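In the text below, chain A, chain B and the rest are named by the order of the sequence lines, each starting its count at 1. Everything quoted here is computed from the prediction, not taken from an experiment.
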Amino acid sequence: MEGWYVLENAEGFFKRVYEIVARIPEGKVATYGGIARMLGYPGGARTVGWAMRGTPEGLNLPCHRVVKATGELAPSYVFGNSEIQRAMLEAEGVTFREDGTIDMERHLWQGI
DNA sequence: CAGCTGACAATAA
DNA sequence: GTTATTGCCAGCT
């Protein structure tokens with residue numbers, strides 16, 4: 001966490017979340033709680049997800065790479081259908097288990 | 001000004 | 001093993 005200031009206007013909690021999400025590499029996924037922990041809020045998992053809800057589309061933020069701690073994808077009403085998110089992650093190179101959940105052990109991004 | 005809601009997470013039964 | 005409940009932080013009404 002040294003040069004995390006791509007968006008120099010990173011003052012609010014939102015921006016801070018956007019920066020981290022924007023840093024997620026392809027083929028990797030981050031959890032809401034994980035991002036919250038990076039910010040120093042171990043219990044701010046909901047807040048991170050809530051911040052994503054207000055994510056401007058102009059930032060082209062890879063919100064589809066943010067999943068639950070259990071490896072499950074976000075609810076269907078986020079993209080209209082969970083298939084979209086799953087398809088995008090598969091296209092990125094993320095592997096899924098038989099349950100339809102992401103293999104966190106392989107793709108969990110801890111924030112390099 | 002006070003209470004409610006919400007793209008979650010962890011613990012208890 | 002699954003299902004239910006509580007806690008958490010920031011913005012909104």
Side-chain angles (χ1 to χ4, degrees):
Chain A
M1 321 209 171
E2 303 180 19
W4 291 47
Y5 290 84
V6 168
L7 302 175
E8 297 181 1
N9 290 341
E11 298 183 20
F13 194 89
F14 281 50
K15 293 280 185 161
R16 193 102 355 129
V17 176
Y18 300 157
E19 288 180 16
I20 294 180
V21 176
R23 300 285 115 77
I24 302 176
E26 291 185 5
K28 295 278 185 175
V29 292
T31 63
Y32 298 96
I35 295 171
R37 192 172 289 183
M38 294 182 216
L39 297 172
Y41 297 90
R46 292 195 100 189
T47 314
V48 174
W50 175 78
M52 299 251 105
R53 190 178 188 248
T55 300
E57 299 177 358
L59 295 176
N60 192 10
L61 206 62
C63 37
H64 57 273
R65 288 181 194 156
V66 185
V67 296
K68 299 188 191 179
T70 58
E72 264 211 66
L73 305 181
S76 52
Y77 58 84
V78 177
F79 290 90
N81 264 332
S82 299
E83 292 182 19
I84 308 297
Q85 190 176 11
R86 185 176 63 191
M88 291 211 285
L89 290 170
E90 278 189 328
E92 299 279 320
V94 178
T95 58
F96 285 75
R97 293 192 122 182
E98 297 179 359
D99 301 39
T101 56
I102 300 174
D103 195 345
M104 304 301 288
E105 301 289 326
R106 297 170 81 91
H107 302 290
L108 179 59
W109 179 67
Q110 301 181 9
I112 300 252

[X] versus [Y]: any side-chain heavy-atom pair under 4.5 Å?
{"X": "A:Thr31", "Y": "A:Val48", "answer": "no"}
{"X": "A:Leu89", "Y": "A:His107", "answer": "no"}
{"X": "A:Thr47", "Y": "A:Tyr41", "answer": "no"}

d([atom1], [X]; [atom2], [N]) in whole Å:
{"X": "A:Ile35", "N": "C:dC9", "atom1": "CD1", "atom2": "P", "answer": "17 Å"}
{"X": "A:Arg53", "N": "C:dC9", "atom1": "CZ", "atom2": "C1'", "answer": "16 Å"}
{"X": "A:Phe14", "N": "C:dC12", "atom1": "CZ", "atom2": "C1'", "answer": "11 Å"}
{"X": "A:Tyr41", "N": "B:dG6", "atom1": "OH", "atom2": "C1'", "answer": "18 Å"}

Check: Looking only at atom types and distance, does a side-chain atom of A:Gln85 sit under 3.5 Å from a main-chain N or O of A:Ala74, one as donor and one as acceptor?
Finding: yes

Next item on the list: For each nucleotide in nucleotides 8-13 of chain B, reading 5' to 3', give B when a protein heavy atom comes within less than 4.0 Å of its base, S when such contact involves only the sugar-phosphate, and - otherwise.
Entry: BS----

Next item on the list: I would like to know whether A:Phe14 and A:Trp50 meet ring-ring contact (aromatic ring centres under 6.0 Å, His included); could you show each step before the answer?
Entry: CA-CA 9 Å; A:Phe14 281 50; A:Trp50 175 78; 4.9 Å; yes

Check: Does anything in residues 57-83 of chain A pair up under side-chain hydrogen bond (donor to acceptor under 3.5 Å, both in side chains), and if so which pairs, sequence neighbours excluded?
Finding: A:Arg65-A:Glu92

